[in-house]
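In this text the structure is predicted, and so the values were computed from the model without any measurement.
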Amino acid sequence: TMMGHIAQLTGTLDGEKTPLSSEINHFVTFITAFAVTIGVIFFVVAVATGSGFDNAFIYLIGIITANVPEGLLPTLTVCLTLTAHRLKSKNCLLQKLEAVETLGSTSVICTDKTGTLTENKMSVAHLWYGRQIHDATRADNGDIFMA
């Protein structure tokens, strides 16, 4: 059935990365490449100038460590937490903090107000086929008929 097909599609979804997490991954990759490149350049220059291998290696580690953005994670966490708090004041609850950013980039939200979740029953009111909307009625045995 179509409902089974939709359930199968939603059940096989992989957790896609949010736009924020993909941007963070891109940024971290760039910073890592930059730090390692600068560290290696300083290492080669230090060895070439006769500072010794030990001192050059310390320069390498120091340069790489100095380029790590220590405040990135707390800053992102605070920003997402403040946004989640603002959403909470508008009666919007979220399970994951990353969902705040995803919700902010959402353009369409589909909702179900038929009692499927609250009353544990599902009903069909209208049918769409043949590029037309038809009213539906339900027989006593549960079969659906068009009105």
Report yes if some heavy atom in the side chain of F43 is under 4.5 Å from a heavy atom in the side chain of I63; otherwise report no.
no

Within the distance-only criterion (no hydrogens, no angle test), does the side chain of T65 pair as donor or acceptor with the backbone N or O of G62 below 3.5 angstrom?
no

Backbone N or O of L73 within a donor-acceptor pair of the T77 side chain at under 3.5 Å?
yes

Given the options I24, T29, I31, F27 meets side-chain contact (heavy atoms from CB on, under 4.5 Å) only with I31

Do L60 and F42 have side-chain heavy atoms sitting under 4.5 Å apart?
no

ILVMFWY network linking V36 to F30, side-chain heavy atoms under 4.5 angstrom:
no

Taking V44 as the starting point, is it possible to reach F57 by hopping between hydrophobic residues whose side chains are less than 4.5 Å apart?
yes

Does V40 belong to the same Ile/Leu/Val/Met/Phe/Trp/Tyr cluster as I64, with side-chain heavy atoms less than 4.5 Å apart forming each link?
yes

Nearest atoms (heavy-atom pairs only) where A35 meets N67:
CB-CB, 3.5 Å

